[in-house]
Amino acid sequence: MAIATVNPATGETLKTYEPLTDEALEDKLARAATAWASYRRTSAEQRAGWLRGAADVLDADADTVAELMTTEMGKTLASAKAEVAKCAKALRWYAEHGPAMLEPERKDAEAVKANEAYVVYQPIGVVLAIMPWNFPLWQAMRFAAPALMAGNVGLLKHASNVPQTALYLEEIFRKAGFPEDVFQTLLIGSGTIERVLRDDRVAAATLTGSAPAGQSVASIAGDALKPTVLELGGSDPFIVMPSAHLDKAAEVAVTARNQNNGQSCIAAKRFFVHRDVAEEFTRLFAEKIAALTVGDPMDPDTQVGPLATESGRDDVERYVQDAVDKGATVLVGGTRVDRPGWFYAPTLLTGITPEMDLYFEEVFGPVAALFTVDSLDEAIEIANSHPYGLGANLWSEDEDERTQFIRDIASGLAFVNGMVTSYPELPFGGVKQSGYGRELTELGMREFMNAKTVWIG
Ligand code: NDP
């Protein structure tokens with residue numbers, strides 16, 4: 001895949017980049033190692049100050065970087081601005097709470113026959129971050145903020161279709177006054193990742209993206225005995241029970257499925273509706289999907305823009321066609337939008353069966369699959385039969401149903417009466433083929449830290 005900015009709203013190639021030469025890559029690896037040797041000795045308060053500086057840079061550049069993201073991957077300008085603000089918030093959150101998370105943890109010295117016993121959290125070195133295009137700033141920032149707060153150094157291999165946002169990410173930290181080379185962007189294709197990952201100067205890796213990319217990175221890292229965090233796909237269930245506030249649930253369902261033009265790992269993708277309310281919920285859901293404004297992502301009235309890549313649009317089209325060929329019913333959408341660029345109409349399908357490809361896979365586009373179920377047991381059983389287990393939604397006013405959902409749903413995130421989303425204040429990650437490890441909070445920061453036991457006699 002070429003490293004290039006191609007506007008998905010028009011299909012026009014705007015800028016192409018040559019990948020780094022071997023020599024340039026070697027130079028960047030050497031710089032990262034040199035940077036870490038001194039950065040690891042900086043104080044938590046110093047690093048918190050630089051993080052605050054990075055948040056200020058983002059605030060100042062918000063409009064420009066939002067436009068850049070919209071141009072590179074097609075998200076609506078409004079959602080791009082919200083993404084910039086979320087990144088600034090995460091930087092400030094880690095600046096505020098990070099120093100306390102890095103304090104030594106006192107243990108019971110007497111019990112281990114010591115004068116002093118404690119755990120000290122230390123950075124582990126240069127961490128390679130392989131990131132996707134769907135939230136081009138946020139995905140990278142939710143790695144960078146805790147990693148830099150911890151005293152690690154970052155190397156970013158971003159998706160090939162967002163090179164300008166990738167370069168801007170490096171610029172943020174430079175402009176914020178961080179020491180030189182603590183965060184560098186590598187313009188490389190995925191074929192060069194193995195070389196970087198196996199390099200002795202690289203200590204660990206994190207990847208957000210598809211399961212095949214995760215498998216590849218995990219097996220190389222396993223062979224090299226380096227820790228990884230993987231945040232892979234999701235096909236989140238959204239369960240609606242009879243006690244739910246149906247109009248509110250339908251409204252959130254539309255956003256949960258169509259946010260980011262349908263391209264979010266934590267988008268609700270499978271909707272399980274209890275038979276008692278299925279007719280009413282389906283009507284509300286279909287009406288609201290049909291009312292979405294699809295168009296130019298720069299236009300403030302647009303709610304759904306194009307898919308990020310042509311191949312992404314082809315994949316979505318193929319999933320829908322396969323389902324229709326095997327008997328699914330299209331209630332809304334089901335076609336491309338007749339205009340330049342990679343638009344696909346927000347779509348609602350019913351009559352989904354396990355023979356259809358989309359049943360066990362992830363549709364990365366604005367396509368909702370609706371199932372009618374007779375009980376919460378049935379909804380959870382079908383939901384859990386999927387290989388992914390990232391987020392999950394329940395809409396219910398019934399305390400017992402909530403308890404059952406939280407206990408039995410196989411996911412890393414369980415949200416009741418609200419949309420699954422990520423917050424710096426809450427851990428984020430999945431189970432099963434959605435990956436392992438956690439991002440955000442102190443858990444995210446400690447994934448790439450040495451919890452060193454100290455015993456002093
Ligand atoms: P990919 O997994 O291909 O891309 C994500 C990142 O991984 C990019 O930086 C990519 O680089 C890199 N990459 C690709 N192949 C490999 C590999 N074999 N080894 C190491 N790194 C690799 O995602 P796509 O953009 O192709 O999207 C395909 C599917 O991935 C989607 O349908 C969706 O299911 C899932 N996805 C999930 C996301 C999430 O948020 N969890 C985000 C994006 C996608 P390059 O761009 O150079 O190929």
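Any value given below was found using the heavy atoms of this structure, including those in side chains, with hydrogens, waters and symmetry copies removed. Remember, it's a predicted structure, so these values are computed and weren't measured experimentally.
- Listed by chain and residue number, nothing satisfies the side chain to side chain donor-acceptor pair (under 3.5 Å) test with Gln184 (two or more places apart in sequence, or in another chain).
- For the atom pair CG of Leu358 and CG of Asp315, the computed distance is 12.5 Å after rounding to the nearest 0.5 Å.
- The side chain to side chain donor-acceptor pair (under 3.5 Å) search around Arg446 returns none, not counting sequence neighbours.
- The shortest side-chain heavy-atom distance between Ile456 and Tyr118 falls under the 4.5 Å cut-off.
- Judged by distance alone, the side chain of Arg438 and the main-chain N or O of Glu447 form no donor-acceptor pair under 3.5 Å.
- No side-chain donor-acceptor contact under 3.5 Å links Glu103 and Tyr121.
- Residues Cys87 and Leu137 have side chains in contact (heavy-atom distance under 4.5 Å, counting atoms from C-beta outward).
- The minimum heavy-atom distance linking Gly391 with Pro237 is given by the pair O-CD, 3.3 Å.
- Legend: residues meeting side chain to side chain donor-acceptor pair (under 3.5 Å) with Asp56, ordered by chain and number and at least two apart, are Arg92.
- Looking at residues two or more places apart in sequence or on another chain, you find no ring pair (Phe, Tyr, Trp, His ring centres under 6.0 Å) involving Tyr319.
- Judged purely by atom type and a 3.5 angstrom limit, Asn258 has no side-chain atom pairing as donor or acceptor with the backbone of Pro346.
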**Request:** Begin with the C-alpha distance, continue with both residues' side-chain angles, and end with the deciding distance and a verdict on salt bridge (charged side-chain N to carboxylate O under 4.0 Å, His left out) for Lys107 and Glu105.
**Result:** CA-CA 6 Å; Lys107 297 293 179 189; Glu105 222 172 77; 3.3 Å; yes
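- Of the possible polar contacts, none joining the Gln164 side chain to the Thr5 backbone as a donor-acceptor pair under 3.5 Å is found.
- Across all non-hydrogen atoms, the minimal contact from Val337 to Ala345 is CG2-N, 3.6 Å.
- Judged by distance alone, with hydrogens and angles left aside, the side-chain atoms of Asp236 form no donor-acceptor pair with the main-chain N or O of Lys269 at under 3.5 Å.
- Under the 4.0 Å criterion applied to side-chain N and carboxylate O atoms, Asp59 and Lys89 are not assigned as salt-bridge partners.
- Counting heavy atoms from C-beta outward, Lys81 and Val84 have side chains that stay 4.5 Å or more apart.
- Within the 4.5 Å cutoff, the side chain of Val202 has heavy atoms near those of the Leu155 side chain.
- Remark: side-chain polar atoms of Gln122 are not paired, donor with acceptor, to backbone N or O of Asn450 under 3.5 angstrom.
- By the 6.0 Å contact criterion, CD on Glu180 is open, its count of non-hydrogen atoms from other residues, nucleotides or ligands being 12 or less.
- Among residues at least two apart or in separate chains, salt bridge (charged side-chain N to carboxylate O under 4.0 Å, His left out) pairs with a member in residues 187-197 are Asp22-Arg195, Glu26-Arg195, Glu194-Arg198.
- Between Ser235 and the choices Gln433, Glu361, Arg270, the side-chain contact (heavy atoms from CB on, under 4.5 Å) rule is met once, by Arg270.
- Remark: the backbone N or O of Pro99 is not paired with any side-chain donor or acceptor of Glu45 at under 3.5 angstrom.
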**Message:** Between Asp247 and Lys288, is the salt bridge (charged side-chain N to carboxylate O under 4.0 Å, His left out) condition met? List the steps.
**Reply:** CA-CA 10 Å; Asp247 195 63; Lys288 291 176 197 291; 3.2 Å; yes
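- Between Cys265 and Leu232, the closest heavy-atom pair is CB-O, 3.9 Å.
- At a cut-off of 3.5 Å, with distance as the only test, a side-chain donor of Tyr436 or Thr228 sits close to an acceptor on the other residue.
- Atom CE in Met419 sits 11.5 Å away from atom CZ in Arg257 (nearest 0.5 Å).
- A donor-acceptor pair shorter than 3.5 Å can be found between the side chains of Thr165 and Glu72.
- Considering only heavy atoms from C-beta on, Thr71 comes within 4.5 Å of Met298 through its side chain.
- Contacts of Asp27 classified as salt bridge (Lys or Arg N to Asp or Glu O under 4.0 Å), with partners at least two apart in sequence or in another chain: Arg31.
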**Message:** Quick one, Tyr168 with Asp61, criterion side-chain hydrogen bond (donor to acceptor under 3.5 Å, both in side chains). Give me CA distance, side-chain angles, the key distance, then yes/no.
**Reply:** CA-CA 10 Å; Tyr168 173 71; Asp61 294 350; 2.8 Å; yes
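- In this structure, the side chains of Thr335 and Val320 stay at 4.5 Å or more apart for every pair of heavy atoms.
- For the pair Ser434 (side chain) and Leu390 (backbone), a donor-acceptor distance under 3.5 Å is present.
- A heavy-atom distance below 4.5 Å is not found between the side chains of Leu440 and Trp93.
- For Trp138, there are no ring pair (Phe, Tyr, Trp, His ring centres under 6.0 Å) partners two or more places apart in sequence or in a different chain.
- By the 4.5 Å heavy-atom criterion applied to side chains, Leu68 and Val162 are not counted as neighbours.
- Atom CE of Met69 is separated from atom OG of Ser79 by 8.0 Å, given to the nearest 0.5 angstrom.
- Ring centers of Trp395 and Phe238: under 6.0 Å apart, within the cut-off.
- Judged by distance alone, the side chain of Thr302 and the main-chain N or O of Gly305 form no donor-acceptor pair under 3.5 Å.
- For the pair Arg402 and Phe405, the cation-pi test (distance below 6.0 Å, angle within 45°) is failed.
- Lys432 places a side-chain N or O within donor-acceptor distance of the main-chain N or O of Asn384, the cut-off being under 3.5 Å.
- Residue pairs meeting the salt bridge (charged side-chain N to carboxylate O under 4.0 Å, His left out) criterion with at least one member in residues 116-127, sequence neighbours excluded, are Arg106-Glu116.
- Applying the side chain to side chain donor-acceptor pair (under 3.5 Å) criterion to Gln46, with sequence neighbours excluded, gives no partner residue.
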Show which side-chain atoms of residues 139-154 pair as donor or acceptor with protein atoms under 3.5 Å away, not counting sequence neighbours.
unit_1	atom_1	unit_2	atom_2	d
Gln139	OE1	Arg142	NH2	2.9
Gln139	NE2	Asn134	OD1	2.9
Arg142	NE	Glu439	OE1	3.0
Arg142	NH2	Glu231	OE1	2.7
Arg142	NH2	Glu439	OE1	3.3
Asn152	OD1	Ile124	N	2.7
Asn152	OD1	Gly125	N	2.9
Asn152	ND2	Phe448	O	2.8

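- Every residue was checked against the ring pair (Phe, Tyr, Trp, His ring centres under 6.0 Å) condition with Tyr94, not counting sequence neighbours, and none meets it.
- Atom CG of residue Leu128 and atom CG of residue Asp199 lie 10.5 Å apart, to the nearest 0.5 angstrom.
- Between Tyr388 and His386, the ring-plane angle classifies as parallel under the 30° and 60° cut-offs.
- Side-chain atoms of Asn7 come within 3.5 Å of backbone atoms of Ala9 as a donor-acceptor pair (strictly under, hydrogens ignored).
- Under the ring pair (Phe, Tyr, Trp, His ring centres under 6.0 Å) criterion, Phe178 pairs with Trp50, Phe173, sequence neighbours left out.
- In this model, no donor atom of one side chain and acceptor atom of the other lie less than 3.5 Å apart for Thr192 and Lys157.
- For the residue pair Ala205 and Leu197, the shortest heavy atom distance occurs at CB-CD1, 3.5 Å.
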